[in-house]
Amino acid sequence: MLSKVYEPSPVETKWADAWQKDRLFISSPSADKKPFVVVIPPPNITGALHMGHALNNTLQDVLVRYHRMLGREAYWVPGTDHGGIATQNVMEKMLKAEGKTRHDLGREEFLKRTWAWYGECGSTILGQLRKLGCALDLNAGNVRFTMDDKRAASVYESFRSLWGKGLIYRGERMINWCTRCGTALSDIEVEHEDEKSRLWHIRYAFEDGSGSVTVATTRPETLLGDTAVAVNPEDERYKSMTGRKLRLPLTDRLILLVADEGVEKGFGTGAVKVTPAHDPLDFEIGQRHKLEVMRVISYEGKMTNCPRAYAGLSVQAARKKIIEDLSAAGLLVKEEPYKHSVNKCSRCSQHIEPLVSEQWFVKMKGLAAPAITAAESGEVKFYPPSWKKPFTEWLGNIQDWCISRQIWWGHRIPAWYCRKCSGAGLKFSDKGELSRVSFAQGAKPVVSFEKPAACPDCGGADLLQDPDVLDTWFSSALWPFSVFGWPERTEELDYYYPTSVLVTGYEILYLWVARMVMSGIEHMGRPPFSQVYLHGIVRDKHGKKMSKSLGNVIDPLQMIEKYGTDAIRFSLMAQTLGGKDIPFSEEAITGGRNFVNKLYNVARFIQMYLPERQAPLGAARPDELADRWITERYAAALEKSKAAMAEYDLPKAQDALYAFVWDEFCDWYLELAKPRLAGPDKEKVLGLMLELFTGSLKALHPFMPYVTEELYASLKPYLEAPDSYLLKAGWPEAPRVDARAAAAEPLMQEIMGVITQIRTARAQFEIPPGKTIKAFATSGNPAALDRLRTGAGYVKLLSKVEDLRLEAGLAKPPRSVSAISGPFNIYIPMDGAVDLEKERTRLEKELERARKDSAQCVDRLQDPAFTAHAPASEVEKIKTRAADTAGKVSRLTEILAELKTG
RNA sequence: GCGCGGUUAGCUCAGCGGUAGAGCGCCUCUCUUACACAGAGGAUGCCACAGGUUCAAAUCCUGUACCGCGCACCA
């Protein structure tokens with residue numbers, strides 16, 4: 001006999017091994033089958049998987065397993081992402097623990113170490129995906145990495161092609177610079193956060209001493225790089241002053257007062273200091289007025305190119321000192337508290353410095369246009385559909401994409417510079433690389449994967465590669481086709497592209513999804529997928545983001561250890577509603593665990609009755625009311641589940657099956673079937689149970705792969721032609737429901753109602769659960785009594801009635817408790833005295849409810865507007881209800897009257 | 001500032017035009033040979049507020065309030 005409680009761990013290990021060993025998840029192009037393809041959002045190799053990964057991969061696994069069971073050639077393509085800055089930061093942290101920086105190691109050694117880390121961390125992640133039950137073939141030849149040779153070839157081809165079309169360029173532009181990561185970032189890698197700060201009002205005096213202009217700023221330190229002050233051209237206060245020169249405080253420079261439309265009259269003092277090198281708006285103003293771009297903040301975040309007193313100070317220190325100095329000089333007019341949004345690095349939370357720098361960019365407008373069309377035409381569909389608008393709007397406002405990163409871990413930019421031709425523009429570090437700081441300013445790049453043999457201009461052979469690497473999202477953008485070997489025209493690429501659905505969190509809609517759509521259209525001629533399924537972020541139970549610093553992180557692997565994979569998957573899925581964020585807590589997992597245990601116990605129950613001799617059960621099926629009813633319920637559940645899957649409503653699909661198994665199959669059918677398992681119908685009833693239960697296991701398999709596989713396997717000996725694995729079985733077809741089976745549903749409803757009423761009365765009058773009782777049921781409706789007669793056995797069984805009298809015109813016996821269920825009056829004779837007070841209160845409450853109901857129906861029927869406008873079926877429904885409730889009222893009144901006299 | 005979403009039982013959320021639902025939690029009874037990770041029964045809601053449309057509104061429309069999230073160069 002199996003233990004009473006399911007133990008997931010050993011079962012999961014067993015099946016995970018078997019699935020991989022038998023290559024259950026491998027796919028190959030197959031001419032006669034329609035593919036269903038999902039490429040995994042490759043996890044970064046930054047550490048262990050978190051709850052978000054568990055959710056993301058569970059959703060994909062459900063879709064992949066489901067479609068495979070529907071007969072599609074389903075392929076879920078596994079892989080990991082090198083993760084650019086994120087991974088480099090992890091490596092740097094580990095180095096820091098050794099008291100080193102990456103510069104101590106040098107580029108080559110650092111990369112060597114990072115590759116070694118990939119070896120370790122990559123396989124840890126794959127192992128975790130395996131634990132999660134993912135239908136990913138993880139054998140060596142099948143797993144992709146964004147930096148392996150094939151993907152490197154894809155990256156190069158994309159770069160080469162875009163460069164050839166003039167869509168990639170090098171230019172000096174305003175970029176976001178993270179001084180901690182030491183690299184440029186794209187606009188979407190910057191997060192905005194409100195921060196309390198101050199607004200400083202600073203006086204700039206005119207050169208000739210005749211008055212001054214006061215500017216308001218949140219960044220006094222950038223004053224050192226001011227090359228103008230700007231006012232709105234319509235601003236009467238300043239109209240007469242524009243064109244005059246101002247003395248820049250704390251320096252000996254003179255700057256111009258210019259008029260520019262970008263300045264708001266109403267804000268601050270109406271005058272703004274212009275620092276073209278360190279503020280995006282100022283940069284634009286600078287361009288319009290041909291102002292000098294003066295860089296005063298270095299890539300390290302220190303003041304530079306400025307008076308000696310400030311040179312070398314950090315931005316923060318410089319701010320403090322400048323305020324002091326301005327104050328001492330009497331130039332600080334006032335200082336007020338001010339809340340504004342600051343830019344932070346999404347990878348390390350450091351303040352971002354906007355600064356002008358020479359970088360590589362992709363021109364986006366032309367690439368975005370067809371992607372917008374694809375979304376608008378429905379060629380790419382979103383689930384939930386509300387994401388379409390943000391998607392197209394973001395693409396509509398898109399800016400050029402800065403793709404160069406001044407880090408080491410990533411795809412090296414495939415551009416080379418001739419030392420001779422580039423002349424003084426090139427600076428070299430002692431290791432023979434281009435210096436990090438010079439960025440080969442002004443140099444002319446030659447795009448090539450390998451080092452070119454000779455400079456195309458001078459023929460010289462002294463070429464050096466650009467030191468920068470590409471934004472990690474550059475390779476991610478190619479993922480849906482690079483995984484199939486693009487640019488090589490492989491059979492896989494032909495068969496699997498475009499993929500079917502992309503499943504990911506909404507937080508990377510722009511970072512990743514939008515870019516995949518654009519590059520798919522650009523390089524492959526069509527979008528990389530037709531559906532995008534966006535899910536929310538897994539948060540803690542209070543809706544807070546899980547983070548190590550808050551200490552509210554739930555580790556999926558620990559939870560798996562404790563509750564089992566299926567329980568985690570089930571609970572996560574149950575809460576994935578409408579793409580919204582998911583509040584998750586350990587308590588929430590118990591629901592899943594309990595259901596897993598329920599399934600396990602159904603199997604135990606069935607096994608108890610299975611014959612010793614392991615042989616398939618016969619094909620004969622029982623045909624009682626309950627049998628027809630449960631078959632109909634099963635069919636309905638499968639239909640509902642399937643319909644929900646078609647709408648990507650995975651939680652609803654899961655819930656339909658859950659509700660069937662628990663509330664109908666277990667709570668009613670198994671209970672009704674128990675005595676029959678000791679009777680002549682035994683084998684037939686077992687046959688039906690086995691059929692419906694194994695069918696449910698199949699239907700649930702995409703959601704809870706382990707327990708279903710295990711239980712199915714345990715029942716195999718009794719099945720005719722079982723499948724080797726559930727994944728190879730078809731997703732169950734709903735059995736045909738004929739008229740008799742359809743009629744069983746309302747009939748059972750009526751009978752179940754009677755049972756519930758008797759149970760309620762028993763509970764309220766504290767009749768011990770084990771005690772059998774007598775009960776009477778009567779009705780003015782003979783047809784109803786006939787119906788109830790067909791279910792008399794069920795009533796007796798489930799409400800523990802040994803003697804059930806079912807007759808028309810039965811009078812209420814003395815010392816009995818009454819109940820009403822539909823057309824039936826039910827009387828339960830009590831052994832001793834009845835607590836009349838309790839009984840009266842109970843019935844009066846019931847009566848009141850019925851009266852209210854009845855009155856409501858009558859009112860509506862008397863309203864001519866209702867009968868005239870409402871559809872006939874609705875009027876009919878109310879009429880029936882009116883009759884039912886009226887009957888109930890009169891019967892209750894009668895019983896109550898009798899109670900008083902009795 | 002603009003946009004999007006939310007506001008329903010103590011908690012997390014379904015329902016999106018015809019008499020308010022689930023899971024968890026809570027209360028009572030039961031360790032009845034599948035399951036106490038269970039069974040049976042029970043309590044709990046001016047469906048944020050104000051208008052409107054409709055025979056009928058939690059559900060549609062318009063506003064208001066609060067909460068969350070995006071986007072944005074207001075120094």
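These numbers come from the heavy atoms of this one structure, side chains and all, not from hydrogens, waters or symmetry mates.
One P atom belongs to B/rC73, the other to B/rG68, and the distance between them is 23 Å to the nearest Å. The separation of B/rG15 from B/rC71, taken at their P atoms, amounts to 27 Å, rounded to a whole angstrom. Taking atom P on both nucleotides, B/rA56 is separated from B/rA14 by 29 Å, rounded to a whole Å. Taking the C1' atoms as reference points, B/rC29 lies 23 Å from B/rG23, given to the whole Å.
Across all strands, A/Glu766 comes closer than 4.0 Å to no nucleic acid atom at all (heavy-atom distances). Contact annotation for A/Tyr338: backbone-only contact, meaning every heavy-atom pair under 4.0 Å involves sugar-phosphate atoms and none involves a base. Looking at heavy-atom distances under 4.0 Å, A/Val263 makes contact with a base. Residue contacts shown for A/Cys857 are absent, as no nucleic acid heavy atom lies under 4.0 Å away. The residue A/Lys389 sits close only to the backbone: its heavy atoms come under 4.0 Å of sugar-phosphate atoms, none of a base.
Following rounding to the nearest Å, A/Asp235 (CG) and B/rC74 (P) show an atom-to-atom distance of 20 Å. Rounded to whole Å, the distance from CE on A/Met608 to P on B/rA34 is 4 Å. Counting to the nearest Å, the P atom of B/rC73 and the CZ atom of A/Arg173 are 13 Å from each other. Atom CG in A/Asp863 sits about 18 Å away from atom P in B/rG18, given to the nearest Å. For the pair A/Lys4 NZ and B/rA36 P, the computed distance is 4 Å after rounding to whole Å.
Under the Watson-Crick or G-U wobble criterion, with both distances below 3.5 Å, B/rG45 has no partner in any strand shown. Checking B/rU28 for Watson-Crick or G-U wobble geometry (two distances, each under 3.5 Å) identifies B/rA40 as its partner. Base-pair partner of B/rC35: not found among the strands shown (Watson-Crick or G-U wobble, both distances under 3.5 Å). Judged by Watson-Crick or G-U wobble contacts below 3.5 Å, the nucleotide B/rG70 has B/rC2 as its partner. B/rA58 makes up no base pair with any nucleotide shown, lacking Watson-Crick or G-U wobble contacts both under 3.5 Å. Base pairing of B/rG21 is made with B/rC13, judged by Watson-Crick or G-U wobble geometry with both donor-acceptor distances under 3.5 Å.
RNA chain B is contacted by both A/Ser386 and A/Ala865; A/Ser386 maps to the nucleotide lying nearer its 5′ end (nearest heavy atom per residue). For the pair A/Asn594 and A/Gly266, both in contact range of RNA chain B, the more 5′-proximal nearest nucleotide belongs to A/Asn594.
At least one side-chain heavy atom of A/Ile589 sits under 4.5 Å from a side-chain heavy atom of A/Phe584. Looking only at side-chain heavy atoms (C-beta outward), A/His289 and A/Thr227 stay at 4.5 Å or farther from each other.
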